[in-house]
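Okay, so here's the structure we're looking at.
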Amino acid sequence: MLDINMFREHADIIRADHDKRGLSHDQIDEVIRLDNNWKKARYDADQLRRVRNEAARGIAEAKKAGNDEEMQNILAEVASLGEQIDALGVEADNLENSRDELRMKIPNILHESVPVGENEEGNTLHSKHGNKKEYPFQPKTHNELVDQNNWVDLPRAAKIAGSRFYFLKGDLARMELALQQYAVDFLTVRGYTFVQPPVMMNRTAYEGVTDLADFETVMYNVQPEGFYTIATSEHPLTAMFMDEVMEPSMLPMKMVGISPCFRREVGAHGQSDKGIWRVHQFTKVEQIIISKPEDSWELHEELLSNCLELWDSMDLHYEVVNICTGDMGTVASKKYDLEAWLPGVGTYKEVVSCSNCTDYQANRLRMRFRTPDGNESVHTLNSTAVATSRALVAIIEQNQTETGDVEVPQVLQPYMQGQKLLKSCNW
RNA sequence: GCCGAGAUCGCAUAGCCCGGUAUUGCGGUGGAUUCGAAAUCCACUGUCUUUUGACGCGGGGGUUCAAAUCCCCUUCUCGGCGCCA
């Protein structure tokens, strides 16, 4: 959510941003109109409250002085004031709610380096990494490889849960665990604090970190308590400091989180998403930073460079793309994606997303830090380190041999008792 | 799950019984003093606002001219009992 002062003082900046995104100015104008009406209603209510407060003080004094007649006089004067104040107060609240409901839908201001484009076609190549290996045979898809080795059981998962769930078995499951440990260790030595968050959140906290539409299409609602299962540990880790004023000495706060991630994936269908690529549950190791505004762009590059080093260390081939205006969500101001090469499928596909959300989440969550001139909103940043299911797909396809075996990346071998090849599961 | 006690400004605290301008300490910022520092002293230190104005005592509702204070609901914390991986 953008600061209300942006609408009052710098509406031109928001309008210019909407032009870049190809959006009309209607919503901006409506927020400004509602804000003006709210200010007026509030002013009127404040004036009536003032009259009432003055009367209340008068009554208190008259009572103290034992002047009963004076007290009765004042009481008669303010008899109907309460109702008027309530009516104006309700009007002001309604205006404020409408204003903020609309304000929540207005996207973050994009960074100047974000390329302009209508959709994902407009994303620009930032850099290429690793070797695009040549295979002296026709590379198989990850789906063919996991079937051949019995590493994934989709039909039985569908039987006991539903489609897009999976059992991960044997050595592939062990490599999944190795990936988690490796990524956590990798970031811990770089000064990030390991945090395991709750995997469910209440509605209020969740509204602070996500697009409202996500409640219908992404999150599971857990009854009877009404919790929402998290779609990523970004959400609990960012909301962790909701409603708090942080000490500047705590910033930047760097965390590495791990959690299962739950996604309903409403509306997702199609052959290309078969298997474990797009699923309802996976594990993700995530980087989170809460920083002062002046540090966030440098730290955004740090998050990216952590990803590059991590993925390079596993000897994988991938590209980094700079997400364009038309492909950006509402929350991020700038976003890089890592797209790994899948030789079996023959395309690059998204495995990491690295965003600077500036003060957009912090404004909703009321997360501030202390400065000599008052409290200021912090900036929040997040980046995948590894989403294990997708990293597994990239490793399986890129490290396959002619016989359908998969080589374990060297850096993961210590987490698997030195094992160099994944063994098939025999059932 | 049951019973009891709590939640007050960044932190810690007073006020609550008995309704009438939110107390004090710490921390922070600025200033005085100093060659400089420590110590000391002074001021400021919740939010909003076109306001010598309004709001603010976990959240929501009620009673009242007036609620931190009284009543109801709710969340969380602590203690006791129960259950439990």
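Chain A is the first sequence line, chain B the second, and so forth, proteins listed ahead of strands; every chain is numbered from 1.
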TODO: Apply side-chain contact (heavy atoms from CB on, under 4.5 Å) to A/Met1 and A/Met104, showing your working.
DONE: CA-CA 5 Å; A/Met1 181 168 72; A/Met104 295 256 264; 4.3 Å; yes
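- B/U8 sits 16 Å from B/U47 when the C1' atoms are compared, rounded to a whole Å.
- For A/His300 and A/Tyr336, the distance between ring centers is under 6.0 angstrom.
- A/Ile59 has its CD1 atom 16 Å from the P atom of B/G19, to the nearest Å.
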TODO: Would you check, one step at a time, whether the test side-chain contact (heavy atoms from CB on, under 4.5 Å) holds for A/Ile396 with A/Val146?
DONE: CA-CA 8 Å; A/Ile396 291 169; A/Val146 299; 3.7 Å; yes
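- B/A68 and B/G56: their P atoms are spaced 7 Å apart (whole Å).
- We find that CD of A/Glu225 is positioned 13 Å from C1' of B/G1, with the value rounded to whole Å.
- The C1' atoms of B/C48 and B/U13 are separated by 27 Å, rounded to the nearest whole Å.
- To the nearest angstrom, P of B/C65 lies 15 Å from CD of A/Gln84.
- To the nearest angstrom, C1' of B/G27 lies 15 Å from CE of A/Met250.
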Task: Dot-bracket encoding of pairs in RNA chain B, which uses [ ] for pseudoknotted crossings and | for another strand, Watson-Crick or G-U under 3.5 angstrom - done: ((((((((.[[[..)....(...]]]((((((.......))))))(((....)))..[[[[[..)....]]]]])))))))....
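- Between A/Met71 atom CE and B/G19 atom P there is a gap of 13 Å when expressed in whole angstrom units.
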Open item on the list: At under 4.0 Å between heavy atoms, how does the protein contact nucleotides 44-63 of chain B? Give one character per nucleotide, 5' to 3', with B, S or -.
Closed with: ---SBSBB-BBS--------
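- Between B/U52 and B/C41, the distance separating the two P atoms is 34 Å to the nearest Å.
- Straight-line distance between the C1' atoms of B/G28 and B/C76: roughly 29 Å, to the nearest whole Å.
- Closest-nucleotide positions on RNA chain B for A/Phe227 and A/Lys63 were compared, and the one nearer the 5' end corresponds to A/Lys63.
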TODO: Test side chain to side chain donor-acceptor pair (under 3.5 Å) on A/Arg364 and A/Gln361 and set out the steps.
DONE: CA-CA 5 Å; A/Arg364 277 198 204 178; A/Gln361 292 175 317; over 6 Å; no
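- Here, B/G30 and B/U24 have their C1' atoms 22 Å apart, quoted to the whole Å.
- A distance of about 14 Å separates the P atoms of B/C17 and B/A67, rounded to the whole Å.
- To the nearest 0.5 Å, atoms CG (A/Leu110) and CG (A/Asn108) are separated by 7.0 Å.
- When side chains are defined from C-beta on, A/Ile290 counts as touching A/Met367, because their heavy atoms get closer than 4.5 Å.
- The distance between atom CG of A/Asp86 and atom P of B/C65, rounded to the nearest whole Å, is 12 Å.
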TODO: Let me see the working for A/Lys40 and A/Asp44 under salt bridge (Lys or Arg N to Asp or Glu O under 4.0 Å), right down to the final yes or no.
DONE: CA-CA 6 Å; A/Lys40 171 139 195 355; A/Asp44 293 346; 3.0 Å; yes
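- B/U50 and B/C57 are spaced 29 Å apart, taking the C1' atom of each and rounding to whole Å.
- With rounding to whole Å, A/Leu75 atom CG is found 10 Å from B/A66 atom C1'.
- Side-chain contact annotation: A/Ser296 with A/Asn356, donor-acceptor N/O pair under 3.5 Å present.
- Evaluation of the side chain to side chain donor-acceptor pair (under 3.5 Å) test over residues 252-263 of chain A, restricted to residues two or more places apart or in two chains, returns A/Lys254-A/Glu302.
- Judged by a 6.0 Å distance limit and a 45° cone about the ring axis, A/Lys169 is positioned over the six-membered ring of A/Trp427.
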